[in-house]
K.L.:
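If you scroll down you'll find the structure; I have some questions about it.
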There are 2 protein chains.
Amino acid sequence: MTTEAPQGAAAQDAEWLRLDRQICFSLHAASRAFNGVYRVVLNELGLTYPQYLVMLVLWEHGETPVKKLGEHLRLDSGTLSPLLKRLEAAGLVRRERSTRDERSVEVRPTEQGAALRARALRIPRRVMSATGFTLEEIRDLHTRLDRLTTALDTTALEETPGCE
Amino acid sequence: MTTEAPQGAAAQDAEWLRLDRQICFSLHAASRAFNGVYRVVLNELGLTYPQYLVMLVLWEHGETPVKKLGEHLRLDSGTLSPLLKRLEAAGLVRRERSTRDERSVEVRPTEQGAALRARALRIPRRVMSATGFTLEEIRDLHTRLDRLTTALDTTALEETPGCE
DNA sequence: CGCTATTTGATTGTGCGCAATTGAGTTGTG
DNA sequence: CACAACTCAATTGCGCACAATCAAATAGCG
């Protein structure tokens, strides 16, 4: 399948594009497949996947300003503001302007939001069993993905890579 | 909150949630980071990441019906229809109803769309260098992600996992 | 104090992902 | 032929991601 024959540069370029198609499609597809599983599992809690991510942070850290939430999840206010409003409309969180700094908005789980945590406890194992991966493999994948994300975030994307 | 006591069931559950937060956040973040790099690189071609995926399929297979595109990329018409209209508006593809089956719409790259391929040839290496991964590692990650996606897609998500 | 720069969140606009519906075209059956 | 079942694409509606812009609050400096 791969470059077994010494081809021209054109054929090799085509090969690169084909490989790129496979790889970036893989990551894209894996992300959506994962999202799909969470959608099914989270459906009974009335949460979407990003909303679940927000609740996980709140369950772990309690009251958190929007700014901090954004740092934890790498999301900006354009995504968080409407999302948090929906969570507030669902009665799971409360948003209140900080008295010390009127620019800041504190988000904290309501009693109902905190109670939801009990029902969320079964989720991780259900999702993990759906992956068919062992805990070992999952941790390994987790490590690789973090390394990938860090590299992608820090790379300034020079104009000429000159790889090879 | 989290008792320091050597794992009651509650403490262990909390640990699962913490791990889940890390892992599902990792995948989410990696996907968006990857998307972000492609966004920068593809910007000069005037393509978004999913549009690039479509063009990759067209460059490799030529004229393709929408149905086939959806199978290749696991996307439905709700996503593809407006995306293809934008590609057509940009002059990169043409959409024509099949004469044999009036339900089907054939998508083929225009001359301009085909020409864009030459400028896309440098992309894979640029992105790969941004990841900091070797080709070996990328292929390995690719394999794992495909396995993950397959598992997630085929799992019927039984109600009671009974893991452990 | 007044003025500027920064921080913080909200808003707007564009594009993607997906479920649900619609509607035209095709196929199968009597 | 008539009629039902199916296929394929388009549309609609909602939510997320992100860039760009805006407004309010704060901090820093003369």
Side-chain angles (χ1 to χ4, degrees), chain A residues 24-25 27-40 42-43 46-55 64-71 73-90 95-107 149 153, chain B residues 24-25 27-40 42-43 46-55 64-71 73-90 93 95-107 149 152-153:
Chain A
C24 69
F25 165 70
L27 196 76
H28 204 60
S31 174
R32 283 181 296 131
F34 223 84
N35 202 320
V37 169
Y38 272 102
R39 176 175 304 116
V40 173
L42 290 172
N43 185 44
L47 292 177
T48 66
Y49 184 55
Q51 287 168 6
Y52 175 63
L53 288 175
V54 168
M55 293 307 295
T64 308
V66 174
K67 169 77 170 175
K68 275 282 182 209
L69 276 177
E71 288 170 2
L73 305 174
R74 287 181 208 262
L75 292 172
D76 66 0
S77 64
T79 300
L80 284 175
S81 285
L83 188 155
L84 291 171
K85 282 185 181 177
R86 282 186 283 271
L87 283 180
E88 187 172 40
R95 297 180 306 140
E96 290 171 344
R97 292 225 163 252
S98 166
T99 51
R100 297 184 310 101
D101 188 338
E102 291 278 341
R103 294 169 305 180
S104 178
V105 171
E106 299 283 335
V107 182
T149 301
D153 280 349
Chain B
C24 68
F25 166 70
L27 197 76
H28 205 61
S31 175
R32 283 182 296 132
F34 223 83
N35 202 318
V37 169
Y38 272 101
R39 189 196 319 281
V40 172
L42 291 172
N43 186 44
L47 291 176
T48 67
Y49 185 53
Q51 288 168 7
Y52 175 62
L53 289 176
V54 168
M55 292 308 295
T64 309
V66 174
K67 169 78 170 176
K68 275 281 181 212
L69 276 176
E71 288 170 1
L73 305 174
R74 285 179 209 262
L75 292 172
D76 66 0
S77 63
T79 300
L80 284 176
S81 286
L83 187 155
L84 292 171
K85 281 187 181 177
R86 282 186 284 272
L87 283 181
E88 187 171 41
V93 307
R95 296 180 306 140
E96 291 171 345
R97 290 225 165 253
S98 166
T99 51
R100 297 183 310 102
D101 187 340
E102 291 276 343
R103 294 169 304 180
S104 178
V105 171
E106 299 283 336
V107 182
T149 301
L152 292 176
D153 279 349

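Within every chain, numbering begins at 1; the chains are lettered A, B, ... in the order of the sequence lines, protein sequences first and strands thereafter.
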K.L.:
Where the side chain of A/R97 is concerned, which of D/dA10, C/dT11, C/dG9 is the nearest nucleotide?
P.N.:
C/dG9

K.L.:
When all nucleic acid strands are considered with a 4.0 Å heavy-atom cut-off, which category describes A/K68: base, sugar-phosphate, or nothing?
P.N.:
nothing

K.L.:
With heavy atoms under 4.0 Å as the rule, sort B/L80 into base, sugar-phosphate or nothing.
P.N.:
nothing

K.L.:
What does the list of N/O pairs under 3.5 Å between the protein and nucleotides 19-29 of chain D look like, with a distance for each?
P.N.:
| unit_1 | atom_1 | unit_2 | atom_2 | d |
| --- | --- | --- | --- | --- |
| D/dT26 | OP1 | A/E102 | N | 3.2 |

K.L.:
Between C/dA10 and A/R95, is there an OP1 or OP2 to side-chain N/O distance shorter than 4.0 Å?
P.N.:
yes

K.L.:
From the options D/dC8, D/dG15, D/dA17, select the nucleotide whose nearest atom is closest to the side chain of B/K67.
P.N.:
D/dC8

K.L.:
Can you tell me which nucleotide in C/dG9, D/dG15, C/dG15 comes closest to the side chain of A/V66?
P.N.:
C/dG9

K.L.:
Classify A/L75 by what it touches in the nucleic acid, base, sugar-phosphate, or nothing, heavy-atom distance under 4.0 Å.
P.N.:
sugar-phosphate

K.L.:
Quick one: is C/dG25 close enough that its OP1 or OP2 comes under 4.0 Å of any side-chain N or O from B/S104?
P.N.:
no

K.L.:
How long is the straight-line distance from CZ of A/R97 back to CD of A/E102, given to the nearest 0.5 Å?
P.N.:
7.5 Å

K.L.:
Strictly under 3.5 Å: I want the nitrogen or oxygen pairs between protein and nucleotides 1-3 of chain C, one per line.
P.N.:
none

K.L.:
Any side-chain N or O of B/K85 below 4.0 angstrom from OP1/OP2 of D/dA9?
P.N.:
no

